[in-house]
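Below is one structure, written out as structure tokens; the observations come after it.
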Protein chains: 2
Amino acid sequence: MTVAPRRTRARRGDGELLRADLLRVAEQLLVEAGEAAVTLRAVAARAGVSTPSVYLHFADKAALVDAVALSVWGQLARLIATAAATSPDPFEALRLRGLAYIRFGLAHPVQYRLLMMRSPVPGAEDAELAAASDCFGHVVAGARACVDAGVFLGDPTALALGLWAACHGCVSLLIAKPQFPWPADLDAFIEDTVRMAGMGTAVMSRLVGPPRPVSHVLPGQLDALAHHLAAASDQDQEPT
Amino acid sequence: MTVAPRRTRARRGDGELLRADLLRVAEQLLVEAGEAAVTLRAVAARAGVSTPSVYLHFADKAALVDAVALSVWGQLARLIATAAATSPDPFEALRLRGLAYIRFGLAHPVQYRLLMMRSPVPGAEDAELAAASDCFGHVVAGARACVDAGVFLGDPTALALGLWAACHGCVSLLIAKPQFPWPADLDAFIEDTVRMAGMGTAVMSRLVGPPRPVSHVLPGQLDALAHHLAAASDQDQEPT
DNA sequence: TGTACATCAGTGAACGCGCGTTCACTGATGTAC
DNA sequence: TGTACATCAGTGAACGCGCGTTCACTGATGTAC
């Protein structure tokens, strides 16, 4: 356990400074040594204060951890929103959101685990749910834009859930099973995953009725689709 | 903590009976009361033996939990293999595998969490990795069959990873965020997710070059694809 | 067929640990008069 | 300008808990002779 030099006491009215410090230290500890290492004793020691001081700013340990999660949700939401603003094309903007999401998760695996893989603890998780919903709202907005453009058909919320699930699956499987035979070019794999989710959602939203065995006709139809898409984007490249 | 009546001592040579009992009880406890409730004391008490008896069959607590995970992996692998055997069409068989996977996860959320969302513990996880790889092998086989049929293009292992990730995302997001605005008809959502993964992988594996903004041409192309697929399966329905 | 004995399947009591949390207390500091 | 005082930002020591794990021991039972 790293013990910091004793923290100089905050001025009167500046008590909240310690709160920010505790949050920062707790996330550091989480990243460096894992969830089990985040104890009140360790957090307080590294922040340079005594253990009971934590109770001046958080009701209990769960509240501290929840606050860390809240801060991470905020970072993720901002990142997604920023990524989406890069392109005016709704389908492309959705793709950029997915990429940003996955890359954030892989860059911060321990934090991602905190957001998505924590064991369920009964109690006040309202604040975290609100933060997660806020983040989810950005995905719904992206899905809605694609529905408006005619790329997707159906309910934007349901579509967004499917898209999120696809990206989440990619991140969380990579985090949970790093020993699986992942391709050497991880970035290409991520790009493919996002493409799969986007194209898959677009096609799936048009399929009606029960699924049928179609393996004998699919290759021809799909080759034609890919050909037309390539031709269409080549045209876009030509000066008008 | 449930305390069972004292277990009658096994006959000589039948010591392994307790091992099976401990495994069964540990999984029960996990399902009924969560991961935190699986303590050696609780397991032993419910099995009707003293706590140190567990050490006669497992090196330590981690070994007990690992053995539970191993058993669950086995169930899942058998389920997937059985589901796939139902259809001769490779694309349809892959769909059935995905459905079976997701439904297993939703039917056994606590066990699924054990397999996929446990915190990483440094140490002997070789046996579990082997069990997971065995399970994964069934998915690779399904992807390979689709490549052979021309439905997918590319490396079956990489495709299988993407498909697994998509299904895993669906299960694990449902488990992790039950408060999200999930559709009322969950089964339809699951079917759509599997369709999305299958169709998405098929289309994605044909796309080459960098992604382009194509929102203005996608709807028309996709409508045509859906139309052709529907027509093709209607033909299948006609008596030849 | 009897009996000594090795082995197997457990038991009871205890150890030490680190954790979250509580409680009574301290001492600096801004403020009212 | 001095000073009493309320308040704020912490501290030190301790409590109780449940956990995984260890150790010396027990008693039934199959087997060799």
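Predicted, not measured: the structure shown is a model, and the values here were computed from it. In what follows, chains are A, B, ... by sequence order, proteins preceding strands, each numbered from 1.
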Could you tell me how far apart B:Lys61 (NZ) and D:dC19 (P) are, to the nearest whole angstrom? 9 Å
Side chains of A:Arg97 and A:Trp164: closer than 4.5 Å at any heavy-atom pair? no
Ignoring hydrogens and angles, write down the donor-acceptor pairs under 3.5 Å from the side chains of residues 171-178 of chain B, residues two or more places apart or on other chains.
from, atom 1, to, atom 2, distance (Å)
B:Ser172, OG, A:His168, NE2, 2.7
B:Ser172, OG, B:His168, O, 2.9
B:Lys177, NZ, A:Leu115, O, 2.9

A:Leu96 to A:Thr86 - nearest heavy-atom pair and separation: CD1-CB, 3.9 Å
Once base and sugar-phosphate atoms are separated, protein heavy atoms under 4.0 Å mark nucleotides 10-16 of chain D, 5' to 3', with B, S and - as BBBBB--
Looking at CE of A:Met117 and CE of B:Met116, how far apart are the two atoms once the value is rounded to the nearest 0.5 Å? 9.0 Å
What distance separates B:Asp66 CG from B:Glu128 CD, expressed to the nearest 0.5 Å? 6.0 Å
Protein-nucleotide distance (B:Leu17, atom CG; C:dA9, atom C1'), rounded to Å: 11 Å
Under a 3.5 Å distance rule, please check whether A:Arg113 uses its side chain to pair with a backbone N or O of B:Arg118 as donor and acceptor. yes
Look at A:Tyr55 and C:dT21 and indicate whether a side-chain polar atom (N or O) is within less than 4.0 Å of OP1 or OP2. yes
Tell me, what's DNA chain C's dot-bracket, Watson-Crick or G-U with both distances under 3.5 Å, | for other-strand, [ ] crossing? .||||||||||||||||||||||||||||||||
Any non-hydrogen side-chain atom of A:Arg46 less than 4.5 Å from a side-chain atom of A:Glu32? yes
Quick test of your reading: applying ring pair (Phe, Tyr, Trp, His ring centres under 6.0 Å), list the pairs with at least one residue in residues 18-70 of chain B, sequence neighbours left out, ordered by first then second residue. none
Contacts table for residues 129-144 of chain A: side-chain donor-acceptor under 3.5 angstrom, sequence neighbours left out:
from, atom 1, to, atom 2, distance (Å)
A:Ser133, OG, A:Leu129, O, 2.8

Give me the distances for all protein-to-nucleotides 29-32 of chain C N/O pairs that come in under 3.5 Å?
from, atom 1, to, atom 2, distance (Å)
C:dG30, OP1, A:Arg11, NE, 3.3

Between A:Asp155 (side chain only) and A:Ala158 (backbone N and O only), is there a donor and an acceptor less than 3.5 Å apart? yes
